Amino acid sequence: MAKADLSAIQREAVQCIDQPVLIFAGAGSGKTKVLTHKIAYLRNEVGIPDDNILAVTFTNKAAREMSQRVVKLIDATASDSRYKAGPIWSPMLHSNGAVQVGTFHSICARILRKEIHHLGYKNDFVIYDADDQLRLLKMVLEQNEYDLDLHPPQHYRSVISRAKNGMKGPVDLATKAKGEEADIFTKYQEALKNSHAVDFDDLLLLPLDLFNNHPKILNRYRKTFQYILVDEYQDTNRAQFEFVKLLAQKHRHICVVGDDDQSIYSWRGADITNILNFEKEFPDAEVFKLEQNYRSTAIILDAAHAVVERNQNRADKKLWTERKGGEAIQIYALENEREEAEQIFNLIQEEVLSNKRRFGDIVILYRTNAQSRAIEDILRRRTIAYKIIGGIKFYERKEVKDAMAYLRLLVNPSDPVSLERIINFPPRAIGETSMNRLRTFAHERKIDLFKSLGSGLEAGIQVKQAGAMKDFKAMIKRYQGLALNKDRGSPAGPVDEYSGMESSSSSHNFGVDEVVTAFLEEAGLIAHFRNQETTEAHDRLENIKELINSIEEFHIENPGSTIRDFLEDVALLSDVDRWADDTNAVTLMTLHSAKGLEFPVVFLTGLEEGLFPLIRMNDDENDEEEERRLFYVGLTRTQDKAYITYAKQRRKWGSNTLETVMSRFIRELPDNLVEWKPLTSKEASKNGSRISSGDSRVYPKVGHPAPVVQGILDDFVIGAWVEHKLFGKGRIMGREGVADSLKLTVEFEGNKTKKLVAKYANLHRL
DNA sequence: TGAGAGTTTTTTTTT
DNA sequence: AAAACTCTCA
């Protein structure tokens, strides 16, 4: 029985279900285990139906993992076959009869998809990301004749977002002589609503409006979500707290798990008092503390504790482990960020060659995304397979966003941000002058921009331009029919339209990818890039193709899904969510992204005052305690061995090199747990690539071109067999480019040959 | 109107 | 150093 491997305290926490439960769960103390076992327990032992359970995680990846683990558990523990689990999680919004697992944002999006019409939005609303928000704000400011230089959109975005995070409306701003901010906030919010768009903060706030104004709906969801579990509770904000409170107030079957030492999102509005005051809100709460760590060595835990202990604002506690001792934390001081990267490379080599690690066992963590570049450079040059999480994101690239704007317009033509983005891209002779006239026209008549596209002449626009507008509108309408009707024509709900019915394949003369390709082709976007000879244009075209591939893939994975579902998926999935951790490659990510993950070998880089802890010059509220918690989170990702590096000089923005000072966090580490490694990589390479001072073995010189050492290259060598989710099994026939731009030519079964960008293709080595 | 040259800004972390 | 933004000229 799977329950046997729970500790006594874990079991108690699992079985306590009739009252509010607060679980303080330190790093690596098995909190996910408790949550998954609790779900299995509720289901199999207590007999709670699946859809009455709601589990909230911090990332979608965590949601996916959790549901996979629950399925395993359930199947293992269920003696009775009627308790066997089906697929209990799906990224799709309309999966009923299953445990709902997801992030606050995705769960709220699911609710809004069904209910938002009660608030006067179309259920086809779009989700605006930061860039879209900025564009909308800019439009609002211009429309209301604010001078953009005096009123930078950036500023108002952060003001509005901060207000929303604290659940404040325009009214709350107006009171403190911030009339303009309140005015802009109000107008921005109106514009969002008219555009049938919601921003990320609205995703959390609108369900609250819904619940507060429609008690019947609230009651319905209260009945549905009988048992609520929340992971990473220390990083919830006001709105999320209210959401949980509203739903759980009545039945009080609420279980939250968190660790105040790991609260690292206060800048996003996360409110640590949510966890510290849980007992105030739910006085009958039972509190459990999980203090045994199953992940790290004692050395790692002691070091992490020694640092975080200095925080004033924390509940006193200490993790313990049965893994006594361990390897000392190695600290390296390097000359500059290049040497730092070089040293990291040397150490990776050593770990892989002499300590038998896999590349996939290793993670490199840094405070800011910009730091990844130097490290990336070296790893690429040395042909070490690596994966970067975050940074320049695929779906944020201009050409990809452009293509998506076209798709968004199909779903929701009222979206002015998307319309403005592409009305003249690729150029179709509709310039600023014409658009200004159209905007004025639409504004006066109070119709949306898209509708007014047909009335160009009336708006006083030149014949040629007015014609171009009309054509554009007609094209969108045409593809609306093609792309959306086809999807709508399939049965509602998670019914498999590809379930082998012969008729369906014959009625589907083309796949989604072909419709989308045709659309983007006719829109001129594809031709625009194809007609340019530059490599840049070529890359952009590849990215658009990759986007189309992923649409097709999504559609096959989620039968019956619409383009709308795809767009939502893209809007809500984080980079960590997309991270395929089964490829054998070194992982690079920010400390924030690493939350919840663990690795045998961890590199903490850039330990310099001002960088980590990060200090922002023009911001007085530098939260040292939060930075320290971040260090704690980073170090406690380690299972076996941690390396800490810093550079004595670091370059900022290309040119000026700054002298740095070693981070206070290094000084805070107890001497007996660390080992200083003064040897720089320069000296090391002088010795003909010996790897470290304490190691007299001589390794083959690794330079350029790299000697072929088995396993040193990534998984995708020529001749290797791989599997693609969509195309099936195939063999790698060619490679070009390296790292992020590595492209593979793969011959799939059935003689289909495809060229794929390795980074996004999600290939699995067979 | 659109392409290309020249100029400015960016870097905190993310759902 | 790179991307985003502005300006200029055809």
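Computed over heavy atoms, backbone and side chain alike; hydrogens, waters and symmetry mates excluded. Below, chain A is the first sequence line, B the second, and so on; all start at residue 1. In this text, all values refer to a predicted model and were calculated from it rather than measured experimentally.
Of the charged side-chain nitrogens involved, none lies within less than 4.0 Å of a carboxylate oxygen, so that D259(A) and K31(A) do not count as a salt-bridged pair.
In this structure, the CD atom of Q133(A) is 14 Å from the P atom of dT15(B), given to the nearest Å. Across the protein-nucleic acid pair, L630(A) atom CG and dT13(B) atom C1' stand 8 Å apart, rounded to whole Å. When the P atom of dT14(B) is taken as reference, atom CG of D201(A) falls 16 Å away, rounded to whole Å. Between the C1' atom of dT14(B) and the CG atom of D132(A) lies a distance of 15 Å, rounded to the nearest Å. With rounding to whole Å, R268(A) atom CZ is found 5 Å from dT14(B) atom C1'. Between D131(A) atom CG and dA3(C) atom C1' the separation is 13 Å, expressed in whole Å. dT14(B) atom P lies 13 Å from atom CZ of F200(A), rounded to whole Å. Distance N165(A) CG to dT15(B) P: 14 Å, rounded to the nearest Å.
For R162(A), the side-chain contact (heavy atoms from CB on, under 4.5 Å) partners two or more places apart in sequence, or in a different chain, are S158(A). For T590(A), the side-chain hydrogen bond (donor to acceptor under 3.5 Å, both in side chains) criterion is met by S593(A), not counting sequence neighbours. Taking Y646(A) as the reference, nothing meets the ring-ring contact (aromatic ring centres under 6.0 Å, His included) condition, with sequence neighbours excluded. By the side-chain contact (heavy atoms from CB on, under 4.5 Å) test, P426(A) is found to be paired with Y406(A), R428(A), L525(A), H528(A), residues two or more places apart in sequence or in another chain being considered. For F566(A), the ring-ring contact (aromatic ring centres under 6.0 Å, His included) partners two or more places apart in sequence, or in a different chain, are F554(A). Applying the side-chain contact (heavy atoms from CB on, under 4.5 Å) criterion to K138(A), with sequence neighbours excluded, gives E142(A), L148(A), P153(A). Partners of R157(A) by salt bridge (charged side-chain N to carboxylate O under 4.0 Å, His left out), not counting sequence neighbours: none found. By the side-chain hydrogen bond (donor to acceptor under 3.5 Å, both in side chains) test, R628(A) is found to be paired with N311(A), E624(A), E668(A), residues two or more places apart in sequence or in another chain being considered.
With the nearest nucleotide of DNA chain B identified for both T103(A) and E627(A), E627(A) has the one nearer the 5' end. If R367(A) and H105(A) are placed on DNA chain B by their nearest nucleotide, the residue sitting closer to the 5' end is R367(A).
Here T590(A) reaches the OP1 or OP2 of dT14(B): one of its side-chain N or O atoms lies under 4.0 Å away. OP1 or OP2 of dT14(B) sits under 4.0 Å from a side-chain N or O of N369(A).
No engagement by F104(A) is indicated, since no non-hydrogen atom pair under 4.0 Å with the nucleic acid exists.
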Could you go through nucleotides 5-10 of chain C and list every protein N or O atom that sits under 3.5 Å from one of its N or O atoms, giving the distance for each pair?
none

Under 3.5 Å between N/O atoms: give me all the protein pairs with nucleotides 1-11 of chain B, atom names plus distance.
unit_1: dT1(B); atom_1: OP1; unit_2: G431(A); atom_2: N; d: 3.4
unit_1: dT1(B); atom_1: OP2; unit_2: T433(A); atom_2: OG1; d: 3.3
unit_1: dG2(B); atom_1: OP1; unit_2: A429(A); atom_2: N; d: 3.3
unit_1: dG2(B); atom_1: OP2; unit_2: N424(A); atom_2: ND2; d: 2.9

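Taking the 5.5 Å centre cut-off and the 30° plane limit, the aromatic side chain of F58(A) is not classed as stacked on dT15(B).
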Response to the item:
Given Watson-Crick and G-U pairs under 3.5 Å, DNA chain B in dot-bracket ([ ] crossing, | other strand) is ||||||||||.....
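Under the side-chain hydrogen bond (donor to acceptor under 3.5 Å, both in side chains) criterion, no residue pair touches residues 459-469 of chain A, with sequence neighbours excluded.
F612(A) has its ring centre less than 6.0 Å from the ring centre of F665(A). Under the 6.0 Å cut-off for aromatic ring centres, F58(A) and F104(A) do not qualify, their centroids lying 6.0 Å or more apart.
The gap from the C1' atom of dA4(C) to that of dT13(B) amounts to 22 Å, rounded to the nearest Å.
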